[in-house]
Amino acid sequence: MDLRILRLRLRSDSHVKEDAAKLRGFFATSFNDQMLLHHHFTDRLIYRYPLIQYKIIRGVPVILGINEGADVLRDVYDKFGEIRLGDRSYSVVERHICLRRERFGCAGELHAYRFVTPWLALNQENYMRYADAASWYERKEILRKILVGNILSAAKGLGYTVDEQIRLELGRVRDEICILKGVMVTGIKCEFLTNFHIPDLMGLGKSVSRGFGAVGALEGRRRKLDNCGDGVTERNEFIKGSINSTHARDPLEKEISKGRSAKKNEKSPLSKSEFQENKD
């Protein structure tokens with residue numbers, strides 16, 4: 001399916017030091033009548049996939065609007081001259097707005113992504129399973145299943161029916177301590193490969209409206225599912241041994257498993273810039 005995606009970037013007189021939760025609070029306070037901006041109806045939280053999501057990417061505020069959220073964001077994007085985040089105020093010196101249709105859903109090819117902002121995959125229950133896992137492979141498998149579930153949840157929230165198996169494998173993974181509502185939580189930074197279209201900066205997992213779990217595409221890493229023989233080495237470079245051949249679940253995974261150590265000493269693509277500018 002196609003989604004209407006609006007991305008608003010705000011250039012201010014200095015780099016923003018606050019987090020995306022404060023950016024969300026600014027819009028909620030300034031435009032309290034727009035329910036999609038803050039996901040509350042009177043004093044009750046609305047439990048649905050957020051159609052407006054706030055991010056701070058390398059000190060730059062970015063707001064993502066999806067479908068009806070894009071309409072709301074287009075109505076308010078020029079209605080303020082500064083943004084007040086906590087005790088600081090930032091003058092807006094430039095606005096970049098881009099509205100276009102983008103694919104979301106099952107794909108006939110593999111796409112590589114990374115989490116630009118930490119992914120909140122773990123709750124109290126699955127964190128204990130993750131922490132107690134006997135091997136790193138088991139930890140990755142826990143995360144893989146959670147990420148597939150997060151994609152399915154987002155699809156359901158956007159009215160898209162997933163009628164194919166979602167194939168997904170994780171690349172290199174690292175933990176990162178994050179602060180959510182004043183509490184320290186474990187976030188995940190990783191790359192992943194899947195047969196699913198995900199628009200740039202769309203969030204997966206928990207607290208996506210507060211900037212967590214924003215996904216970015218890794219350029220030049222896609223292969224047709226029905227012609228993946230030529231891409232085995234490149235996929236192995238990406239997967240970095242995340243599959244053990246004795247645990248391979250389908251032909252795609254078996255192909256990935258062949259020669260997974262071929263690129264063992266190469267650097268991870270995680271060294272790329274945290275944010276790729278939209279050239280539109």
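Remember, it's a predicted structure, so these values are computed and weren't measured experimentally.
Using a cutoff of 4.0 Å between basic side-chain nitrogens and carboxylate oxygens, E176 and R174 are scored as salt-bridged. No salt bridge links D175 with K189; every basic N to acidic carboxylate O contact stays at or beyond 4.0 Å. Checked for salt-bridge contact, R172 and E191 miss the test: no charged N lies under 4.0 Å from a carboxylate O. A salt bridge does not link R139 to E141: none of the charged nitrogens lies less than 4.0 Å from a carboxylate oxygen.
With hydrogens and angles disregarded, a donor-acceptor distance shorter than 3.5 Å links the side chain of N67 to the backbone of R4. In this structure a side-chain-to-backbone donor-acceptor pair under 3.5 Å is present from S12 to S14. With hydrogens and angles ignored, the 3.5 Å screen pairs no side-chain donor or acceptor of T186 with any backbone N or O of I177. In this structure, T117 contributes its side chain and G213 its backbone to a donor-acceptor pair below 3.5 Å. Checking side-chain atoms of D19 against main-chain N and O of K22 turns up a donor-acceptor pair under 3.5 Å. Of the possible polar contacts, one joining the N195 side chain to the R167 backbone as a donor-acceptor pair under 3.5 Å is found. Checked by atom type and distance alone, the side chain of Y113 pairs as donor or acceptor with a backbone atom of I198 at under 3.5 Å. Of the possible donor and acceptor atoms, one in the side chain of Y160 sits under 3.5 Å from a partner among the backbone N and O of C106. Remark: side-chain polar atoms of S135 are paired, donor with acceptor, to backbone N or O of E138 under 3.5 angstrom. In this structure a side-chain-to-backbone donor-acceptor pair under 3.5 Å is present from N126 to N123.
One distance of note links CD1 of I63 with OG of S209; it measures 12.5 Å at 0.5 Å rounding. To the nearest 0.5 Å, atoms CZ (R48) and CG (L158) are separated by 8.0 Å. To the nearest 0.5 angstrom, R101 atom CZ is 9.5 Å from M1 atom CE. Annotation: the span from L170 atom CG to I142 atom CD1 amounts to 11.5 Å, rounded to 0.5 Å. Interatomic distance, K55 NZ to L23 CG, rounded to the nearest 0.5 Å: 11.0 Å. Put simply, CD1 on I52 and CG on L8 are 10.5 Å apart, with the number rounded to the nearest 0.5 Å.
Closest approach of H15 and Y90 over heavy atoms only: O-CE2, 3.5 Å. Nearest heavy atoms, C190 versus V173: CB-CG2, 3.7 Å. Between V116 and V215, the closest heavy-atom pair is CG2-C, 4.2 Å. Closest non-hydrogen pair, F104 versus M202, comes out as CE1-SD, 3.8 Å. The minimum heavy-atom distance linking V208 with Q53 is given by the pair O-CB, 3.7 Å. Scanning all heavy atoms of the two residues, the minimum distance from G187 to L120 falls at CA-CD2, 4.0 Å.
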Show your working on side-chain contact (heavy atoms from CB on, under 4.5 Å) between Y77 and L10 and close with a plain yes or no. CA-CA 9 Å; Y77 84 96; L10 302 174; over 6 Å; no

Give the C-alpha distance, both sets of side-chain angles, the deciding distance and a yes or no for side-chain contact (heavy atoms from CB on, under 4.5 Å) between L147 and L204. CA-CA 8 Å; L147 185 49; L204 296 174; 3.9 Å; yes

Should D200 and R7 be marked as a salt bridge (charged side-chain N to carboxylate O under 4.0 Å, His left out) after you check the CA-CA gap, both sets of side-chain angles, and the distance that decides it? CA-CA 9 Å; D200 233 18; R7 294 181 185 86; 5.5 Å; no

Assess the residue pair K145 and V148 against the criterion (side-chain contact (heavy atoms from CB on, under 4.5 Å)); give the C-alpha distance rounded to whole Å, side-chain angles, the decisive distance to 0.1 Å, and a yes or no. CA-CA 5 Å; K145 289 179 179 179; V148 170; 5.8 Å; no

side-chain contact (heavy atoms from CB on, under 4.5 Å) for T194 and L110? Distances and angles first, verdict last. CA-CA 5 Å; T194 186; L110 297 170; over 6 Å; no

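The neighbour count for K79 NZ, taken as heavy atoms of other residues, nucleotides or ligands under 6.0 Å away, is above 12.
With sequence neighbours left out, S89 forms a side chain to side chain donor-acceptor pair (under 3.5 Å) with R84.
F212 and L85 are assigned to two separate hydrophobic clusters, defined by single-linkage of ILVMFWY side chains at heavy-atom distances under 4.5 Å. Hydrophobic clustering of Ile, Leu, Val, Met, Phe, Trp and Tyr side chains at less than 4.5 Å, counting indirect connections, keeps V93 apart from F26.
Put simply, the residue from L193, I151, L143 that forms a side chain to side chain contact (heavy atoms under 4.5 Å, CB included) with L168 is I151.
The side-chain heavy atoms of L99 and R74, taken from C-beta on, include a pair separated by under 4.5 Å. Within the 4.5 Å cutoff, the side chain of E102 has heavy atoms near those of the I5 side chain. Within the 4.5 Å cutoff, side-chain heavy atoms of I97 are placed close to those of L6.
Judged by the 6.0 Å distance and 45° axis criteria, R95 is positioned over the aromatic ring of F80.
A donor-acceptor contact closer than 3.5 angstrom links the side chains of E109 and H111.
Between F192 and F115, the distance from one ring center to the other falls under 6.0 angstrom.
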